[in-house]
Amino acid sequence: VSVPWINSSKQGGGVLDEKESPRVMKSHNHYLHLNVPIGNQELRVIHVMRDPKDVLCSAYHHCVKAAAAFDYQGTFQEFVGHFLNGHVESGDYWDFNRGYLENKDGFNILYLTYEDL
């Protein structure tokens with residue numbers, strides 16, 4: 001089953017109101033960029049957290065394989081420094097997850113880890 005990206009109209013994201021219910025979408029958006037009304041009790045979020053070491057390796061290989069987009073020429077060790085300082089495409093790993101874990105807007109969130117799956 002293909003699940004479209006919420007922020008990509010090319011892949012079926014587009015305007016959620018036009019989609020038939022129930023709508024299943026995926027995103028790499030930060031908590032602050034969920035772009036839904038605060039207190040929306042109908043929204044259900046599944047937040048899957050990955051081990052930071054796995055995220056680091058995945059991000060590194062993503063940047064190397066997509067060299068035309070990222071132009072990353074450094075070593076893995078140099079990339080570790082960028083990752084630890086939040087200077088990668090997804091930003092700071094810990095801030096990203098902290099937003100979902102704090103859940104200041106009270107969304108209905110199910111927290112999972114890759115190990116849970």
Side-chain angles (χ1 to χ4, degrees):
V1 172
S2 176
V3 177
W5 290 92
I6 196 168
N7 47 349
S8 174
S9 59
K10 289 182 181 179
Q11 293 183 351
V15 180
L16 286 178
D17 291 339
E18 296 175 3
K19 303 295 177 199
E20 188 175 323
S21 187
R23 294 174 285 273
V24 177
M25 311 295 275
K26 62 185 171 187
S27 174
H28 284 148
N29 288 351
H30 284 255
Y31 180 85
L32 294 174
H33 299 136
L34 285 178
N35 199 23
V36 295
I38 293 174
N40 182 336
Q41 297 303 312
E42 294 179 23
L43 175 72
R44 295 181 186 149
V45 175
I46 300 173
H47 179 67
V48 180
M49 294 176 280
R50 293 180 71 186
D51 183 299
K53 294 177 287 186
D54 295 335
V55 175
L56 166 64
C57 290
S58 178
Y60 172 74
H61 290 292
H62 177 68
C63 286
V64 169
K65 289 181 180 177
F70 297 103
D71 194 31
Y72 184 72
Q73 303 294 322
T75 66
F76 180 75
Q77 282 296 31
E78 292 168 331
F79 192 84
V80 170
H82 297 305
F83 179 81
L84 292 173
N85 291 309
H87 300 147
V88 293
E89 178 187 18
S90 57
D92 186 281
Y93 168 86
W94 292 271
D95 284 344
F96 179 89
N97 286 297
R98 185 179 302 114
Y100 284 93
L101 293 169
E102 290 176 350
N103 191 18
K104 292 181 180 178
D105 299 317
F107 296 124
N108 183 0
I109 301 178
L110 171 64
Y111 300 97
L112 299 173
T113 66
Y114 265 60
E115 293 75 17
D116 293 333
L117 302 174

Quick check: closest heavy atoms across [X] and [Y], and the distance to 0.1 Å?
{"X": "Y72", "Y": "T75", "result": "OH-O, 2.8 Å"}
{"X": "L112", "Y": "I46", "result": "CD1-CG2, 3.8 Å"}
{"X": "N103", "Y": "F107", "result": "ND2-O, 2.7 Å"}

Would you say D95 and R98 make side-chain contact, with heavy atoms under 4.5 Å?
-> yes

Flag the pair Y100 / I109 as yes when at least one side-chain heavy-atom distance between them is below 4.5 Å, and no otherwise.
-> yes

What do the steps show when you test F83 against V55 for side chain to side chain contact (heavy atoms under 4.5 Å, CB included), and what is the final call?
-> CA-CA 9 Å; F83 179 81; V55 175; 3.7 Å; yes

Under 4.5 Å between side-chain heavy atoms, hopping through other hydrophobics if needed: is there a path connecting F96 to Y111?
-> yes

Cluster link Y31 to L110, ILVMFWY, side chain under 4.5 Å | no

Return the [atom1] to [atom2] distance between [X] and [Y], rounded to the nearest 0.5 Å.
{"X": "H28", "Y": "H33", "atom1": "NE2", "atom2": "NE2", "answer": "15.5 Å"}
{"X": "D51", "Y": "C57", "atom1": "CG", "atom2": "SG", "answer": "9.0 Å"}
{"X": "T113", "Y": "N97", "atom1": "OG1", "atom2": "CG", "answer": "11.0 Å"}

Given the side-chain rings of H62 and F70, with only the six-membered ring counted for Trp, is the space between their centroids under 6.0 Å?
-> yes

Would you find a donor on one side and an acceptor on the other, under 3.5 Å apart, between the side chain of Y93 and the backbone of L56?
-> no

For Q77, look at atom CD and say whether over 12 heavy atoms of other residues, nucleotides or ligands are found less than 6.0 Å away.
-> no

Measure the acute angle between the ring planes of H82 and F79, then classify it against the limits of 30° and 60° as parallel, tilted or perpendicular.
-> perpendicular

Between Y60 and F76, what is the ring plane arrangement, given parallel below 30°, perpendicular above 60°, and tilted in between?
-> perpendicular

